[in-house]
Number of protein chains: 2
Amino acid sequence: MKKTPSFEDSWKVEIRRGILQYAVLAIVSRHKEEGIHGYGLARELDEKTDGLLGVKEGTLYPILHRLRKERLLNVRTEKSEAGPVRKVYVLTGDGDRVYRELTSILGSIFDKLEALR
Amino acid sequence: MKKTPSFEDSWKVEIRRGILQYAVLAIVSRHKEEGIHGYGLARELDEKTDGLLGVKEGTLYPILHRLRKERLLNVRTEKSEAGPVRKVYVLTGDGDRVYRELTSILGSIFDKLEALR
DNA sequence: GGAAAGTACTTAGTATCGCTATGTACTGCC
DNA sequence: GGCAGTACATAGCGATACTAAGTACTTTCC
């Protein structure tokens, strides 16, 4: 049987909701022209955030599928030099628009939180 | 039947997870000595964030109950001049410690997100 | 040629939390 | 007596991140 997680442990999971989707959009946005595939995205996310926003595959791929379904990302396949076929994602016009808007909202939220302190 | 919410609408709900719990701790922390009751907290949260982090009662009270159950808040009752008995919440020692830690984590997350852009 | 490690993606099942909706109840004012 | 404002409680629902397990391709090394 598993120990009940502490409040802080649960919070650290909950706070990632929405944040991770945003982070994925942010990374894809960094690769506007070429796009980026899932496995590489996971590595970059992990490195760029020093593990703070690192994700397992079981978390990342469903996010990519959702964003694609919402037409925020386009996907194409690409041969890999060292493994199975990759799926390369790029932002759509909508994706870019939404990314900008979420950036703005997130900024406001953090401002308000700081004002609350 | 109800229209399927857009990606952004869902995101705006999801992003509040964890954030709201933190905001509640922050408000209670502002009233270290006297404490604050739920109804007043809701008003203050709404005002201080210009409605951005406003909550309905059905959202706020479960949060307060959770924080109490986790022993981050203590509660006492108090007579109101204009309504039923109030429940006044104050931070516990643990609550204060956790609040500080969450503040630090949130700061890191936001820093990383900015670095991602 | 086969095992192992690294690359790459998929999906089923679970828990949690914020939201909607609804209900209860007390006070003061007209 | 009814209404508005104050004050709290809770059941049911939907969305998402996590765990866990599986599939499959390439290169390296013995």
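Below, chains carry the letters A, B, ... as their sequence lines are ordered, and counting in each starts from 1. Because the structure is a prediction, the values reported are computed rather than measured.
For the side chain to side chain contact (heavy atoms under 4.5 Å, CB included) test, residues two or more places apart in sequence or in another chain that qualify with B:Lys32 are B:Ser29, B:Leu91, B:Asp96. Under the salt bridge (Lys or Arg N to Asp or Glu O under 4.0 Å) criterion, B:Glu57 pairs with no residue, sequence neighbours left out. Under the side-chain hydrogen bond (donor to acceptor under 3.5 Å, both in side chains) criterion, A:Glu81 pairs with no residue, sequence neighbours left out. B:Tyr99 pairs by the ring-ring contact (aromatic ring centres under 6.0 Å, His included) definition with B:Tyr22, not counting sequence neighbours. In this view, A:Arg30 and A:Glu44 satisfy the salt bridge (Lys or Arg N to Asp or Glu O under 4.0 Å) rule, not counting sequence neighbours. Applying the side chain to side chain contact (heavy atoms under 4.5 Å, CB included) rule to B:His37 yields the partners B:Tyr39, B:Arg86, B:Val88; only residues at least two apart in sequence or on another chain are considered. With sequence neighbours excluded, no residue forms a side-chain hydrogen bond (donor to acceptor under 3.5 Å, both in side chains) with A:Arg16.
Put simply, CD on B:Glu57 is 11 Å from P on D:dA9, counting in whole angstrom units. One interatomic measurement links the two molecules: OH of A:Tyr39 to P of D:dC25, which rounds to 17 Å at whole-angstrom precision. Across the protein-nucleic acid pair, A:His37 atom NE2 and C:dT10 atom P stand 12 Å apart, rounded to whole Å. Note: CD (B:Gln21) to C1' (C:dG18) measures 10 Å, nearest angstrom. Between B:Ile36 atom CD1 and D:dA7 atom P the separation is 11 Å, expressed in whole Å. One interatomic measurement links the two molecules: NE2 of A:His65 to P of C:dC9, which rounds to 9 Å at whole-angstrom precision.
For residues 43-53 of chain B, proximity to DNA chain C is found at no residue, defined as any non-hydrogen atom under 4.0 angstrom from a strand atom. In the region residues 66-90 of chain B, proximity to DNA chain C at under 4.0 angstrom, judged on heavy atoms, holds for B:Arg66, B:Glu81, B:Gly83, B:Pro84. Within residues 8-20 of chain A, the residues approaching DNA chain D are A:Val13, A:Arg16, A:Arg17, A:Gly18, A:Leu20, by heavy-atom distance under 4.0 Å.
At distances below 3.5 Å, at least one donor-acceptor pair connects side-chain atoms of A:Ser108 with backbone N or O atoms of A:Ser104.
A pairwise comparison of heavy atoms in B:Val98 and B:Leu25 identifies CG1-CD1, 4.5 Å as the closest pair. In plain terms, the two heavy atoms of A:Arg68 and A:Val75 that are nearest each other are NE-CG1, 3.1 Å. The two residues B:Leu73 and B:Val28 make their nearest non-hydrogen contact at CD2-CG1, 3.9 Å. Of all the heavy atoms in B:His31 and B:Ile36, the pair that sits closest is NE2-CD1, 3.7 Å.
Residue-level contact check: B:Gly58 touches the bases, meaning some heavy atom is under 4.0 Å from a base atom. Residue contacts shown for A:Leu64 are absent, as no nucleic acid heavy atom lies under 4.0 Å away.
From one end of the helix from C:dG1-D:dC30 to C:dC30-D:dG1 to the other, with five pairs defining each end axis, the axis direction shifts by 0° (rounded to 10°).
If A:Tyr61 and B:Leu60 are placed on DNA chain C by their nearest nucleotide, the residue sitting closer to the 5' end is A:Tyr61.
A side chain to side chain donor-acceptor pair (under 3.5 Å) check over residues 46-55 of chain B, counting only residues at least two apart or in different chains, returns the pairs A:Lys112-B:Asp50.
Atom CZ of A:Arg71 is surrounded by 12 or fewer heavy atoms from other residues, nucleotides or ligands within 6.0 Å.
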